[in-house]
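Order of listing sets the numbers, starting from 1, for every ligand and every atom in it. Given the structure is predicted, the values throughout are model-derived calculations rather than measurements.
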Amino acid sequence: MSNIRKNRPHIRNCALMLLSTMTLASVGAGALPAAAKTNSDQLDPDKKAAQVIAEMTQDERYALLHSIMPIAFGPEPLPEAVQGQPAMAGYVPPISRLGIPAITQTDASLGVTNPFQARKGDVATALPSGLALASSFNPELAYESGKMVGNEARAKGFNVLLGGGMNLARDPRNGRNFEYLGEDPLLAGTLGGNAVRGTQSEGVVSTVKHFAINDQETNRNTLNSVIDEAALRMSDLLAFEIGIEIGQPGSVMCAYNRVNGPWACGSDMLLNQVLKKDWGYKGWVMSDWGAVHDVDYAIMGLDQQAGAQLDKEIWFDGPLKTKVAKGEISQDRISDMSQRILRSLYAVGADRPLTRTDIDYDAHGKVALKTAEQGIVLLKNNGILPLAASARNILVVGGHADAGVMSGGGSSQVTPVGGPAAMIPVGGEGFLASFGKMLIMPSSPLAALKEQLPEANIQFDSGYFPNATAQAAKHADMVIIFATQWQIEALDAGSMALPQGQDDLIAAVAAANPNSVVVLETGNPVHMPWANDVGAIMEAWYPGQRGGEAIANVLTGKVNPSGRLPISFPVDESQLPRPEIPGLGGPSDAKFDVDYNIEGADVGYRWYAREGITPAYPFGYGLSYTSFTHDNFKVAAKGDGLNASFTVRNTGKIAGADVPQIYLADAAGTPMRRLAAFDRVELAPGEARTVTVPLEWRVIADWANDGWEVAPGTYRFVLATDALANGVSASVKLKAHHIAK
Ligand code: BGC
């Protein structure tokens, strides 16, 4: 086997090449500006950090190594250093004599949060969920949304955003999937990396999180994720690798769980070997809040203990000093830890003074609206959508559609501009008692529909009494049923069924009136036992603070749906690698292994393809009000890489966006499905465009012999409308080669 050594810059180029080609093809040159170089004095950030560290006292260096959440959780007073600070996720005091700003850490990717709404009256632009953003398959939009959140973070006094969630959706019941970007590493890494770039272009450090394989919430603090190295490198780690290359995040947040034994935040393999050595990562590793169990994590590669008062001890203060004094941890390591933090602040320009500025909430609301619109996925349409202008009597049912749209709970929950339309307690104890309120975003689909269809008679029925609703449905021309599934961090959905009897409601209404449209506002894929009985199904996810308007725009045809599923919808749990969620319902301190070797790197659609299972709706699937064709599909070598080119044509009567997807379908005799490239192409009616996209080597190759290996043979790719569709094929012969990690 020839051994074509490819160094890291090459691999970086692959990712950048992919990015830039897509940009050119879909949104025009220059739409993704390089992250702003905002370092105030233009000195190399590493050199500047080294100079500043040389001037620091020991205590000053240690002070950087832990953050405190300025929220008192018990009778204990807060440490003096954070007293008087506004509520936020984490705070490190400034070192003014050296011009080092306070480090002010806030959540997260869906907007700037206000934990427990403790900052009275402080609101922020609430974006749709991560799954909605991922459904857009649009890296430019990811950049724009990340930039918007970065702008608000800085304007509110925060210089570190705990965004960049990109854990892969290995289980469609994971309570945090709504924060992440789906089940595919190329999609999640590309969109996550671009969101980070956007945030950092505003002079705000972003994390990527939760490193790694924190793929279920049940027992997240105690479980051990078990997975072979090759499978890990080709799945969850690949998402992070791509995301880090594109985004260059100042920080990486390690996860709560264990990985193959050690805790993720104390994993030499993950932090020192993979992240810092193999990937050459120069930024800092911060812990998740309450994820540090030992001072020795400093040796394993953790640089900052974040939210430190949530751990048993503030390890990275007194205990760390003691270890260094005893010679068990080197002084060099302390310098390295502080160097990593400072160099990231300088590299991103996060050391610039934080002056509170006005926020352009109108402009930012438009980003939220656009994301919601591009994120809506039309799953079924027997022709009843877009709403016929002749539909006079429309019954809108359920889902609090009179008030607004659903959002997800936990640390990512944003208090929206305009304030919540409602906060509905779900009850429960402990965690749920404090966090467990469904926040309804103030954007009513009912109101938006009434505004767009002033001639129609639109009535609302809460759906509380299904029989009465079914009777009312008989008298309507059309029924639009809103179904919601609330999800919250730290809690997985016990099942994929819609909660609170909504399936029965939908079945009753559909039986009464087949002209029924179901609009889902869910944090995850759900069962749809009624799918054959309704006329249309639309997945709107959690569509954010302008979600009602976005839903109405797509229902009426003002906006042509273009979203594609970033996560497959299985028929039911029996199709999953783990039909039961490990540990569900058991004690919260139970320790057990979760065997991710069952599916290995074949997450989501790759599992269904491998096992010959037909899910209800596969990854990549989504309908439009127009139609597209794909022709002239070719795959050819270009320099060190492979390019695919093809022509997309809008064959319908209205403008729309297509999302052509290229999957590896056969690798030297092994059938499979792996997303190797994608694009989003906006086309006027009748318009055709020829597009060229580079294919990602690390998707084509397998991880073997400590690097990426391409076996010799014929590689067949398909250009398809979803992960399991036949599509059109093109093949290329590849020589054996090895790409160094
Ligand atoms: C979450 C993180 C979050 C942190 C700070 C943790 O519980 O897992 O995603 O950034 O809290 O709020």
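- Within the 4.0 Å heavy-atom criterion, the part of Glu489 lying near ligand 1 is the side chain and not the backbone.
- Using a 4.0 Å cut-off between charged side-chain N and carboxylate O, Asp336 and Lys282 make no salt bridge.
- Within the 4.0 Å heavy-atom criterion, the part of Arg176 lying near ligand 1 is the side chain and not the backbone.
- The distance from ligand 1 to the heavy atoms of Lys209 drops below 4.0 Å at these ligand atoms: 2 (C), 3 (C), 9 (O), 10 (O).
- With respect to atom 9 (O) of ligand 1, the closest heavy atom belonging to the protein is His210 NE2, 2.7 Å.
- The pair Lys156-Glu152 does not meet the salt-bridge criterion, since no charged nitrogen lies less than 4.0 angstrom from a carboxylate oxygen.
- Of the polar atoms of Trp289, none of the N or O atoms is found under 3.5 Å from an N or O of ligand 1, judged by distance alone.
- Listed by number with element, the atoms of ligand 1 under 4.0 Å from a non-hydrogen atom of Asp288 are 1 (C), 2 (C), 4 (C), 6 (C), 7 (O), 8 (O), 11 (O).
- Under a 4.0 Å criterion applied to the non-hydrogen atoms of Met253, ligand 1 contributes the atoms 10 (O).
- Between the side chain of Asp593 and the main chain of Gly261, no donor-acceptor pair closer than 3.5 Å is present.
- Using a 4.0 angstrom heavy-atom cutoff, Met69 does not count as in contact with ligand 1.
- In summary, the side chains of His210 and Arg220 do not present any donor paired with an acceptor at a separation below 3.5 Å, with no hydrogens or angles considered.
- Under a 4.0 Å criterion applied to the non-hydrogen atoms of Leu162, ligand 1 contributes the atoms 5 (C), 10 (O).
- If you take OG1 on Thr522 and OH on Tyr542, they are separated by 6.5 Å, rounding to the nearest 0.5 Å.
- Side-chain contact check for Pro262 versus Met300: every heavy-atom pair is 4.5 Å or farther apart.
- Comparing Leu161, Ile71, Asp107 against atom 5 (C) of ligand 1, the shortest heavy-atom distance belongs to Asp107.
- Here the options are Asp236, Leu181, Leu187, the test is side-chain contact (heavy atoms from CB on, under 4.5 Å), and the partner is Leu168; only Asp236 passes.
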